[in-house]
Amino acid sequence: MDNINENFEILKKTQENEVAIVMVPFPAQGHLNQLLQLACLISSSYDLPVYYVGSATHNRQARVRANALNPSDIAKIHFHDIPTPEFASPPPDYNALRKFPSQLQPSWDASMLLRESIDSFLRDISSKARRVVVVHDTLMSYNVQDVLSLHNAESYIFNCISVFTLYCLMSLSVGISLQLDEELLKKLPSFEGIITDQLKNLGASQIPYMDIRSGDIHNSSKVIEGAFLDLLAQVASKQEKKQWAIGPILPTKLDCVANRNNMCLDWLDKQPSRSVLYVSFGTTTSFSDREIKELAMGLEQSKQRFLWVLRDADRGDVFTGEDRKIELPEGFEERVEEIGLVVREWAPQPEILAHSSTGGFMSHCGWNSCIESITMGVPIAAWPMHSDQASNSFLVTEVLRIGLIVREWEKREELVSASSIENGVRKLMASEEGDAIRKRAEELGEVVRCSTENGGSSQIELDSFIAHITR
Ligand SMILES: *[C@@H]1O[C@H](CO)[C@@H](O)[C@H](O)[C@H]1NC(C)=O
């Protein structure tokens with residue numbers, strides 16, 4: 001009896017004194033994932049209560065696709081499901097030359113209806129906790145504006161893009177010229193047309209509410225983007241916001257994670273060291289039948305081993321609609337049986353990249369993929385599709401020099417032929433130049449992984465953020 005009372009007292013005390021952390025993600029896979037990763041990291045390493053707030057559908061999406069996370073860590077996150085507003089969930093237009101995932105726009109528009117539900121949730125938590133710390137996506141600034149009316153709440157923006165991209169976009173928007181080496185500047189891809197006007201407008205409608213935040217968190221680190229963190233600090237100095245560069249803190253012991261029984265990993269186990277090109281274009285890219293045929297032929301002709309995740313882009317609601325039956329060239333899978341594997345399911349990407357048989361990553365260069373590849377020391381064959389992917393691929397290939405370009409951003413509306421794919425793959429996987437790139441990638445991966453350990457820069461920054469919010 002005494003024991004129960006005592007426990008109850010402890011429970012009550014912690015709740016009253018506690019700092020509650022509320023994550024408010026934007027409903028697109030890369031964004032959902034990053035805040036879920038951060039939620040698990042904070043709740044498991046610092047033992048603080050973490051809430052994850054979004055529509056029921058997108059919370060479910062975040063949970064079922066959680067990569068490289070321990071189920072027991074996910075179980076500690078308090079998911080707050082807001083009834084999902086109605087929205088259209090059309091299939092992607094896989095024949096479109098422009099790869100921007102416009103089919104997601106209705107789900108993004110619907111997410112702008114969550115303000116009231118988020119406000120009432122925050123009010124509730126605010127009455128129970130010592131302090132409420134909201135960590136939100138830039139694109140959810142409008143929705144969390146009511147933190148202003150709570151006496152014990154504060155908010156932070158979590159940036160899901162590279163510091164380099166953020167620095168470029170901020171400089172361009174205020175008309176400051178980019179502080180880049182002249183040679184580099186010439187090669188920088190244009191930011192024209194990277195997103196649609198609709199998303200631009202959605203972004204612009206957040207600006208009036210962005211000043212509410214107390215600081216910024218970046219999913220990058222000094223060892224990856226130190227120069228750009230400094231440059232960003234200069235551009236942003238007038239804003240007087242605190243900055244933390246805490247990423248990437250990936251679970252480094254990926255072997256212990258739930259996914260060990262997976263066909264991709266079983267297949268990789270049987271391949272020689274660093275021999276496999278992992279091919280995946282994330283959750284927002286769809287290819288036409290013709291493009292798939294060229295890619296299949298290019299991979300086959302390269303004679304390199306590959307693991308290809310062949311999936312269509314997400315719909316706004318990933319639980320609706322039928323999957324398209326993507327056809328591969330006649331007899332393809334039989335012919336490549338010895339050297340290639342095609343997978344149509346959700347794949348455990350971090351574990352694949354961490355696997356010693358993986359020696360390259362053909363990628364659209366979304367920031368999640370870049371971070372994972374950089375951390376695991378895997379060089380990238382870059383094929384940017386939209387949004388920040390062109391500037392990420394520039395960062396990876398020209399600045400960090402741990403990858404090469406398969407398809408130039410400037411040629412994004414042209415068909416990529418099998419022979420240029422073949423050449424790109426050969427160059428990365430079977431040439432001296434490729435070996436040099438791989439070596440640099442491995443070295444950077446090592447440095448990045450060290451930075452996430454105790455005493456490393458990412459860990460210090462994360463500790464400093466936690467110390468700040470629990471002050
Ligand atoms: C940064 O992004 C990577 C890739 O998605 C993720 O694994 C990592 O946990 C993120 N870091 C933080 C601090 O959220």
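Quick note: residue numbers are just sequence positions, from 1. In each ligand, atom 1 is the first atom listed, and ligand 1 is the first ligand listed.
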**Q** Can you find a side-chain donor-acceptor pair between His355 and Asp269 that sits under 3.5 Å?
**A**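 The criterion, which ignores hydrogens and geometry beyond distance, is satisfied for Asp269 and His355.
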
**Q** Under the side-chain hydrogen bond (donor to acceptor under 3.5 Å, both in side chains) criterion, do Asp230 and Gln234 qualify, and how do the steps go?
**A** CA-CA 6 Å; Asp230 293 344; Gln234 286 172 24; over 6 Å; no

**Q** I'd like to check which ligand 1 atoms, numbered from 1 as shown, lie under 4.0 Å from a non-hydrogen atom of Leu38.
**A**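 Answer for ligand 1: 13 (C), 14 (O).
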
**Q** For Phe158, state whether at least one heavy atom is located under 4.0 Å from any atom of ligand 1.
**A**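 A heavy atom of Phe158 does come that close to ligand 1.
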
**Q** Check each atom of ligand 1 against the heavy atoms of Asn368 and keep those under 4.0 Å away; list them by number with element.
**A**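 Going through ligand 1 atom by atom, the ones under 4.0 Å from Asn368 are 4 (C), 5 (O).
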
**Q** Considering the heavy atoms of Ile371, write down every atom of ligand 1 situated less than 4.0 Å from one of them.
**A**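 Checking each atom against Ile371, I get 2 (O), 3 (C), 4 (C).
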
**Q** Could you tell me whether Tyr51 and His80 have their ring centroids closer than 6.0 angstrom?
**A**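 Ring-ring flag for Tyr51/His80: false, centres at least 6.0 Å apart.
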
**Q** Under 4.0 Å from a heavy atom of Asn33: give me the atoms of ligand 1 that qualify, with their elements.
**A**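 Every atom of ligand 1 under 4.0 Å from some heavy atom of Asn33: 5 (O).
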
**Q** Using a 4.0 Å cut-off to any heavy atom of Glu372, which atoms of ligand 1 qualify?
**A**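 Near Glu372, the atoms of ligand 1 are 4 (C), 5 (O).
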
**Q** Are side-chain N/O atoms of Gln29 and Asn33 paired as donor and acceptor at under 3.5 Å?
**A**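 Judged by distance alone, the side chains do not pair up.
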
**Q** Are a donor atom and an acceptor atom from the side chains of Trp409 and Ser393 found within less than 3.5 Å of each other?
**A**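 Note: Trp409 and Ser393 side chains miss the donor-acceptor criterion.
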
**Q** Does only the side chain of Leu35 get under 4.0 Å from ligand 1, or the backbone, or both, or neither? Count heavy atoms.
**A**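 The answer is neither; Leu35 stays 4.0 Å or more away.
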
**Q** With a 3.5 Å cut-off and no angle check, do the side chains of Gln459 and Ser451 form a donor-acceptor pair?
**A**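 Checked: Gln459/Ser451 side chains show no N/O donor-acceptor pair below 3.5 Å.
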
